[in-house]
Amino acid sequence: MALSARRMVAIARKEWVQLRRDNFSMALAFLLPVILLIVFGLAIKWDVEDLHLGVLDRDRSAASRELAEAFQSSGYFTVTSRLEADREIRALLKDGDVRGVLVIPPDFSRNLSAGRPAPVQLLLDGADANTATIALNYSDAISAGFSSRWLDLSVSSLQLESRVWYNPTLDSTNMIIPGLIAVIMSIIAAMLTALTIAREWERGTMEQLASTPVHRLEVVLGKLIPYVGIGMIDVTVAVVAGVTAFGTPLRGSVLLLALMTLLFLIGALGFGLFISAAVRSQVLATQLALVTTYLPAMLLSGFLFDIGAMPRFLQAITYLIPARYFVTVTRGIFLKGVGLEALWPQALAMVVFSMVGLGLAARVFRKEVAA
């Protein structure tokens, strides 16, 4: 039987009417993506600021005070404790009152004035290894800046000039927001359509649909159409919020971003329909959609953790995670302004993902609707 556009539109209209009457689904469709973007966008930050620092100044000179002030004025550290003895260090770090203690030896200014090495000690709380590593990098940069004001570096034959492209301020928000859009939409898309067929089974309306001369692929595509529109609206709102509220640059083509988003949504929504047709229970479908999208999208897409740093068997698994490709797309278009010539592998992967998602949904639906 040939596919009919009229029947698909009729099913889409019916699905939209049902969706409008379901307050939970409407809230899930339009409110939850924005709420998640704002909450996660504000909560997830890899930048470290206002680290509480203790200072044990045994030198008590102008140079030692200037070094402590360099840490304070950097914006990364806040000197909250002035120590008098070594015995205070352990207590401050153990109780978590400070993240680090700067220890300046008594001969600091003398060595500095004589041009000799003037070591200082920075003791860091390593309970949070990520914060300690970032704090160590900050302290290295502050120390280098301080040294350049006291030492004659012209005798050095090596001068290193660093420059960061695409995100010159190293603002983690610029990296988080594009990836967050991909992660949120992978979760929302699957959860939205995971409810649709299961809801009809629970309400007893699926038998009426099964009695009509409609092809199973028409049902799948017809039910998909309203959610594709909703997903595109959600992504548009998220992009506008990311650019205006969070200041994330959008350097690439909006049209390419829309096309890539469409490919991704079709696959994610099709996967949700597959879950819905397979389990027939709204509660179970929601839980299954959440487990199969949320954890993989957060942990294995490259959003939070660098895929290259993962074990090889996990790197292989990430190729099965659709969010991996969409995270690459959003970051590439937002931050680098790249085009299809760079993103065609991701586009091809999402085309395959879309075909697999729709194919699985139609195949499972075969027994529910007469072909």
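- Expressed to the nearest 0.5 Å, how far CZ of Arg58 lies from CD1 of Ile104 amounts to 10.5 Å.
- The nearest pair of heavy atoms linking Val183 to Ser301 is CG2-OG, 4.2 Å.
- A side chain to side chain contact (heavy atoms under 4.5 Å, CB included) with Leu92 is found for exactly one of Leu123, Leu56, Thr80, Val98, namely Val98.
- Contact annotation: the side chain of Leu102 never approaches that of Phe77 to less than 4.5 Å [non-hydrogen atoms, C-beta and beyond].
- At least one donor-acceptor pair under 3.5 Å links the side chain of Arg331 to the backbone N or O of Phe303.
- The nearest pair of heavy atoms linking Ala12 to Pro226 is O-CG, 3.4 Å.
- Considering only heavy atoms from C-beta on, Leu348 stays 4.5 Å or farther from Tyr325 through its side chain.
- Between Leu300 and Phe305, every side-chain heavy-atom pair lies at or beyond the 4.5 Å cut-off.
- In terms of heavy atoms, Ala238 sits closest to Leu37 at O-CD2, 3.6 Å.
- Around CZ of Arg90, the count of heavy atoms belonging to other residues, nucleotides or ligands within 6.0 Å does not exceed 12.
- Seen from the ring of Tyr319, Arg324 counts as a face-on cation partner, given the 6.0 Å and 45° thresholds.
- Residues meeting the side-chain hydrogen bond (donor to acceptor under 3.5 Å, both in side chains) test with Asp97, sequence neighbours left out: none.
- With rounding to the nearest 0.5 angstrom, the OG1 atom of Thr193 is 10.0 Å from the CG atom of Leu265.
- Considering CG of Leu263 and CZ of Phe353, their distance stands at 11.0 Å, rounded to 0.5 Å.
- Within the model, atoms CD1 of Ile225 and CZ of Arg13 stand 10.5 Å from one another, a figure rounded to the nearest 0.5 Å.
- Inter-residue side-chain proximity for Val329 and Phe264 is flagged as unmet; no heavy-atom pair is nearer than 4.5 Å.
- Criterion: ILVMFWY side-chain heavy atoms under 4.5 Å apart, direct or through other members. Under it, Val101 and Phe146 are not part of a common hydrophobic cluster.
- Considering CG of Leu340 and CD1 of Ile333, their distance stands at 9.0 Å, rounded to 0.5 Å.
- Hydrophobic cluster membership differs between Val103 and Leu122, with clusters built from Ile, Leu, Val, Met, Phe, Trp and Tyr side chains linked at under 4.5 angstrom.
- By the criterion of side-chain heavy atoms lying less than 4.5 angstrom apart, applied directly or through intervening Ile, Leu, Val, Met, Phe, Trp or Tyr residues, Met355 is not grouped with Leu259; the two fall into different hydrophobic clusters.
- Annotation: the span from Tyr227 atom OH to Leu273 atom CG amounts to 8.0 Å, rounded to 0.5 Å.
- A donor-acceptor pair under 3.5 Å links the side-chain atoms of Gln315 to the main chain of Met310, judged by distance alone.
- There is a path of hydrophobic side-chain contacts, each under 4.5 Å, that joins Leu257 to Met232.
- Summarising the local packing, OH of Tyr76 is surrounded by 12 or fewer heavy atoms from other residues, nucleotides or ligands at distances under 6.0 Å.
- Looking at Glu88, its side chain does come within 3.5 Å of a backbone N or O of Ala85 through a donor-acceptor pair.
- The hydrophobic clustering, which links ILVMFWY residues whose side-chain heavy atoms are closer than 4.5 Å, places Leu299 and Met185 together.
- Nearest approach of Pro178 to Thr173, heavy atoms of both residues: CD-O, 4.3 Å.
- The backbone N or O of Gly272 sits nowhere less than 3.5 Å from a side-chain atom of Ser276 that would complete a donor-acceptor pair.
- Shown here for Pro249 and Leu335, the closest heavy-atom pair between the two residues is CG-CD2, 4.0 Å.
- When all heavy atoms are compared, the tightest approach of Pro296 to Ile321 is CB-CD1, 3.6 Å.
- Remark: Tyr294 OH is loosely packed, at most 12 non-hydrogen atoms of other residues, nucleotides or ligands lying under 6.0 Å away.
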